[in-house]
Structures are given as structure tokens and as C-alpha cells.
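What you see is a predicted model, and the numbers here were worked out from it, not measured in a lab. Within every chain, numbering begins at 1; the chains are lettered A, B, ... in the order of the sequence lines, protein sequences first and strands thereafter.
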Amino acid sequence: MTRIIAFESSADETSVAIVEDGHTVLSNSVATQINSHRRFGGIVPEVASRHHIEWITRVLDDALKQAALTPKDLDAVAVTYGPGLVGSLLVGLMGAKTFAMAHHLPIVPVNHLAGHIAAARFAGKVEYPAMALMVSGGHTELVLMREENDFKVIGETRDDAAGESYDKVGRLLEFPYPAGKIIDDLARKNQATVKFPTAMAHDDNYDFSFSGLKSAVINYVHNAQQRGENLNKGELAASFQNAVVDALLGRTKRALENYPVKTFILAGGVAANQQLRQTLTALLETFPETTFLPVPMQYTGDNAAMIGAAGYWNYQAGIFADLDLNTDPGLDFDLLSL
Amino acid sequence: MREFVTNSPKDTQTLASQIASYTQPGMILTLTGDLGAGKTTFTQGMARELGVASRVKSPTFNILNTYQGTDFPIYHFDAYRLEMTGAADQGFEDYIGTDGLTIIEWPQFMRDLLPNDRVELVFKRSDEHTRTISINGQGHYQAIEEKL
């Protein structure tokens with residue numbers, strides 16, 4: 001039995017978790033800045049950068065308490081070292097290193113993106129070869145895993161991430177941040193009446209592009225405003241979401257046809273999108289050899305439990321770091337070389 | 001101030017590649033304009049001309065993406081997400097006016113970190129495809145428009 005304590009602070013969430021054998025979450029304490037901005041009425045300069053420092057020791061104490069464990073019950077410290085914001089990453093990294101040094105535990109460096117994918121372990125067993133659609137505010141990638149802990153990008157966004165397009169369209173339609181859930185809810189209750197373009201549908205690759213869709217929605221809104229028409233935001237949200245889901249579905253289908261895999265994982269913040277989960281569930285029914293493993297809803301956003309799951313893969317593979325481990329804000333998976 | 005009109009994303013990238021030959025390490029370009037005005041498209045064209053081989057993607061989420069050009073690094077900022085929080089205490093100063101070319105989208109949200117010597121580009125959407133891009137050199141760079 002291996003118990004790993006994991007630290008995550010790459011973006012807006014400060015989190016510490018304890019995970020057993022890479023799949024059983026003993027505790028997962030998450031403090032999010034979105035709530036603390038709301039608590040302060042929305043605008044507090046410098047709260048963001050100080051938030052991680054303020055919360056790291058509190059979520060650490062909370063994670064140990066929730067799991068009813070002490071440091072001597074632990075085997076290793078896993079930590080996100082990239083990608084992310086350098087100032088934010090540093091807080092989790094320093095917290096993890098300090099904890100590791102104080103309690104004589106080895107440090108396991110973890111790629112945040114591998115963490116999102118490894119969160120599928122909380123849903124079931126991953127059999128290889130496997131593929132993941134990783135969709136979040138910062139990333140949109142199709143990742144092939146020929147074996148455990150081997151990540152190769154076979155397709156990625158050429159411009160905006162899918163989650164980013166949700167937030168930007170949300171801002172255009174004057175929805176509060178983050179807009180993903182609001183758009184998803186509206187899409188469920190409304191008909192898609194506008195046919196927005198699904199970018200690069202005919203290109204012979206696995207790449208995505210959401211910048212053109214963003215511009216198409218902007219143009220539609222501007223034109224409607226110039227004509228003095230009232231916008232039906234519900235129908236627009238449904239139309240926009242259809243275009244996003246279509247693009248993700250089309251690329252995924254082609255990738256699964258050309259790379260037969262045993263497990264298909266849906267990961268990242270946008271994996272919480274209900275229409276995307278349902279659409280992919282239906283698609284995967286046409287691939288009977290492939291098990292669909294969407295990350296459980298509560299682990300789709302940033303959290304340290306997923307870092308504990310990916311940390312276990314590294315721990316098994318003997319991947320450790322020294323106390324001089326630094327952040328790598330631009331860390332990414334390699335592209336698959338054919 | 002100089003103004004250019006572009007009629008497609010490709011046009012915007014061509015303009016960027018022409019301006020690229022006037023850039024140098026330590027220079028700061030600010031790109032102001034609404035969502036979808038062409039700021040990242042412009043940066044893609046400029047980075048390609050400066051020898052960046054990897055894909056230039058939207059920096060909105062990461063706030064800063066770093067690329068290696070043939071002669072110097074390119075620091076691509078997007079302060080869009082800093083509207084609520086400010087840009088202080090993130091270590092961004094190391095990437096502004098130092099050893100590379102710094103390109104900043106949504107510069108109004110990191111105003112405090114911007115030196116006076118900079119080149120301001122403003123993107124205006126005229127219609128679906130047409131953009132008016134104005135270029136305004138400040139401080140040291142006041143004369144840049146005449147060279148273009």
C-alpha cells in the first residue's frame with residue numbers, strides 16, 4: 001500500500017490531497033479563488049497571488065485531518081511543477097518541498113496535464129493502449145498513451161482552448177465567470193438555431209481550432225445588435241455549444257478509428273460538460289472494444305487528488321526529484337512523432 | 001501614428017511579418033482590441049517571421065507563453081485574466097524590457113508594469129473580415145512609424 005500526499009497550485013485552486021495506490025482518495029482539500037473573489041465582492045488586486053500562500057498550510061492541515069493520518073503514514077510527496085502560472089506553481093512547490101524535507105519523504109514531480117488524465121483512475125482501471133481527450137480552460141488535446149505514463153499528443157488546438165472559448169463567449173453574452181456551466185445549462189433548455197462553423201472539419205489531422213468559432217459568435221452578436229434585434233442568449237448558447245461539441249466529437253471519432261484503444265478518457269474542466277459527456281458516451285457505444293472512462297464530476301476541475309493519482313504512476317516508475325526541483329510553466333506533452 | 005487596413009487573418013499576419021524586421025530584444029509591443037480583433041493572429045504572424053518553430057497559441061490561460069526565435073526569445077503575454085487581480089507579485093517584470101521581444105495583449109490590465117518606451121498597436125474591427133490596425137511609438141520608439 002502506497003500513500004502519497006499531493007500538492008496542486010498551478011492556477012486558481014490551492015489543493016492538498018492524500019491518495020492510496022493511485023486510485024483511492026483518502027482526502028482532497030481544495031480552496032478556490034473564485035469563491036474568495038466573490039466573498040470580497042469580486043475585485044481585490046493581489047488577492048490572487050497571495051491566495052495560494054494564505055491557503056496552502058490550511059489545506060495541508062485539512063487534508064491530513066480528513067484522512068486521519070500523520071506524516072509518518074505517508075510514502076511520498078507529489079507536486080505539480082507545470083504547466084501553470086509561475087508565481088502560483090511556486091507556492092505549491094515550496095510547500096511540497098518543505099513538507100518532504102521535514103518528514104524525510106521523496107518528492108515526485110507531476111505534470112498537471114497528466115494529473116487531469118490520471119483522475120480517470122477514480123472512475124475505473126485504465127487499460128492500454130489508451131487515449132484521452134483533455135479539455136480545459138488552457139488545453140485542448142488528444143493524448144495517446146501506448147503504455148502507462150507515456151503521453152503523446154496526436155492533436156491539439158491551434159489557437160484558443162475549448163474552455164477559453166466558453167469564457168470568452170460567456171463574457172460576450174454577459175454571463176458571469178466561469179461561464180461553462182451556465183452555457184451548458186442554457187444549452188440543455190434551448191434549441192440550437194444558428195449553425196456556427198465547426199472549424200477544420202475536413203482537414204486530415206486531429207487538431208482543433210476555436211478562434212474562428214469565437215469570431216463567428218462575435219460577428220453574429222454584432223450584426224444582430226446593428227439591426228437592433230434582441231438576442232436570444234439561450235439559443236445562442238445552445239448553438240455555440242453544439243459547434244464546440246461537434247468539433248470535439250469529430251476529431252475524437254477520427255482518432256479512435258485510426259488508433260484503436262482499450263480505454264478512452266475524458267478529462268479536464270470541460271469534461272464536466274453534460275452534453276459533451278452524453279455525446280461521447282453515445283460515440284463510444286459504436287466502439288465496443290473501447291471502455292469509456294470519463295473523469296468523475298468532482299475531479300474534473302483542478303484538484304490535488306488527481307496529482308496523487310499521476311504521482312503514483314511516477315512513483316511506480318521510479319521518477320523522483322531532488323529539493324532543487326523548479327517550476328516549468330510551459331511544460332507540455334511531446335507531440336507524437338510518426 | 002500609422003494606420004493599416006487588413007482584410008483577412010492572413011493579411012494581418014503578413015503585416016505582422018513586415019513589422020517583425022523592426023523588432024529587437026527589450027522592445028515591448030502592446031496589442032489593444034476587443035475579443036476576436038486579431039491580436040493572437042498578429043502575434044502568430046510575427047513569431048513565425050522571427051523564427052519560432054512551435055505553435056503560437058492563445059496565452060489567455062497561462063498569461064505568459066515563452067517562445068524561442070532565431071535571435072531572441074519572444075514573451076507573449078495576455079493580461080485578460082488579470083482584470084480582477086492585478087499583475088503584481090507574479091514575477092512578470094523579468095519578461096518585460098529584458099532580453100527578448102515582449103508582446104502584450106490586454107495591456108490595460110497590467111498597466112503598472114509597462115515602461116513608457118513601447119509600441120502601441122490598436123486593433124479595430126470594421127466589419128467581419130476588415131481590421132484597422134494603428135501603430136503608435138512611445139518614448140524611444142516614437143520614430144518607428146516612419147520606418148514602416
Side-chain angles (χ1 to χ4, degrees), chain A residues 10-12 33-34 37 40 42-51 53 82-90 136-140 156-161 163-165 167-169 171-172 177 207 209-223 226 269 327 329-330 332 335, chain B residues 8-9 12-13 33-44 48 53-68 73-95 105-106 109-112 123 125-131:
Chain A
S10 63
D12 294 335
Q33 300 201 8
I34 290 162
H37 289 315
F40 289 111
I43 304 161
V44 184
E46 295 180 42
V47 164
S49 44
R50 299 194 195 286
H51 178 276
I53 297 173
L85 294 178
V86 62
S88 298
L89 285 165
L90 274 170
S136 68
H139 294 269
T140 305
E156 62 174 346
T157 182
R158 294 181 174 184
D159 36 61
D160 299 357
E164 174 183 345
S165 71
D167 286 328
K168 289 187 169 169
V169 165
R171 186 181 172 124
L172 184 74
Y177 175 89
D207 284 341
S209 169
F210 294 103
S211 174
L213 172 60
K214 173 184 71 186
S215 299
V217 178
I218 291 168
N219 284 329
Y220 184 89
V221 170
H222 280 214
N223 291 341
Q226 271 172 4
T327 61
D332 211 339
L335 296 176
Chain B
S8 67
T12 298
Q13 294 190 336
D34 283 340
L35 288 177
K39 302 180 291 297
T40 300
T41 300
F42 179 92
T43 307
Q44 286 170 336
R48 196 177 309 139
S54 56
R55 188 168 279 167
V56 172
K57 290 184 272 193
S58 166
T60 299
F61 191 80
N62 284 342
I63 301 175
L64 168 61
N65 285 343
T66 298
Y67 301 97
Q68 191 55 53
I74 291 148
Y75 302 122
H76 185 198
F77 277 98
D78 185 338
Y80 182 81
R81 296 205 321 137
L82 299 175
E83 181 177 5
M84 307 283 257
T85 60
D89 295 342
Q90 294 279 351
F92 291 148
E93 292 88 343
D94 298 350
Y95 303 92
E105 302 188 26
W106 300 93
F109 302 135
M110 50 194 297
R111 213 177 292 121
D112 296 352
F123 293 68
R125 181 187 180 282
S126 312
D127 65 35
E128 201 165 331
H129 302 293
T130 311
R131 304 286 185 271

Student: Tell me, do Ser58(B) and Asp160(A) make a side-chain contact under 4.5 Å, heavy atoms counted?
Tutor: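 With C-beta onward as the side chain, the pair touches.
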Student: With only heavy atoms counted, which part of Ser211(A) is less than 4.5 Å from chain B, the side chain, the backbone, both or neither?
Tutor: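 Interface part for Ser211(A): neither.
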Student: Checking Ala216(A) against chain B: side chain, backbone, both or neither under 4.5 Å from a heavy atom?
Tutor: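 Contact with chain B: none, neither part.
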Student: Less than 4.5 Å apart, side chain to side chain, heavy atoms only: is that true for Asp12(A) and Arg81(B)?
Tutor: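 Yes, at least one pair of side-chain atoms sits under 4.5 Å.
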Student: Any non-hydrogen side-chain atom of Glu164(A) less than 4.5 Å from a side-chain atom of Tyr80(B)?
Tutor: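 SC-SC contact between Glu164(A) and Tyr80(B) ruled out.
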Student: Where is the tightest heavy-atom contact between Ala11(A) and Phe61(B), given as atom of each residue plus distance?
Tutor: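 In terms of heavy atoms, the two residues are closest at CB-CZ, 4.1 Å.
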Student: Are Arg158(A) and Arg55(B) side-chain neighbours, meaning at least one heavy-atom pair lies under 4.5 Å?
Tutor: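 Yes, at least one pair of side-chain atoms sits under 4.5 Å.
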Student: What pair of heavy atoms forms the shortest contact from Thr157(A) to Lys57(B), and how long is it?
Tutor: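 The pair with the smallest heavy-atom distance is O-CD, 3.1 Å.
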Student: Looking at side-chain heavy atoms only, is the closest gap between Leu85(A) and Ile63(B) below 4.5 Å?
Tutor: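 Of all side-chain heavy-atom pairs linking Ile63(B) with Leu85(A), at least one is under 4.5 Å.
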Student: Which residues satisfy the side-chain hydrogen bond (donor to acceptor under 3.5 Å, both in side chains) test with Asp94(B), sequence neighbours excluded?
Tutor: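 Asp94(B): no side-chain hydrogen bond (donor to acceptor under 3.5 Å, both in side chains) contacts found.
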Student: Could you measure the distance from the OG1 atom of Thr60(B) to the CG atom of Asp167(A)? Nearest 0.5 Å is fine.
Tutor: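 These two atoms lie 9.5 Å from each other.
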Student: Considering residues, nucleotides and ligands other than Arg171(A), do more than 12 of their heavy atoms fall under 6.0 Å from its CZ?
Tutor: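 Enclosed: over 12 neighbouring heavy atoms sit under 6.0 Å from CZ of Arg171(A).
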Student: What part of Lys168(A) gets within 4.5 angstrom of chain B, counting heavy atoms only: side chain, backbone, both, or neither?
Tutor: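 Both the backbone and the side chain of Lys168(A) come within 4.5 Å of chain B.
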Student: Around atom CG of Asp34(B), are there more than 12 heavy atoms of other residues, nucleotides or ligands at under 6.0 Å?
Tutor: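 Not buried by this count: 12 neighbours or fewer within 6.0 Å.
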Student: Tell me, do Arg125(B) and His222(A) make a side-chain contact under 4.5 Å, heavy atoms counted?
Tutor: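 Yes, their side chains come closer than 4.5 Å.
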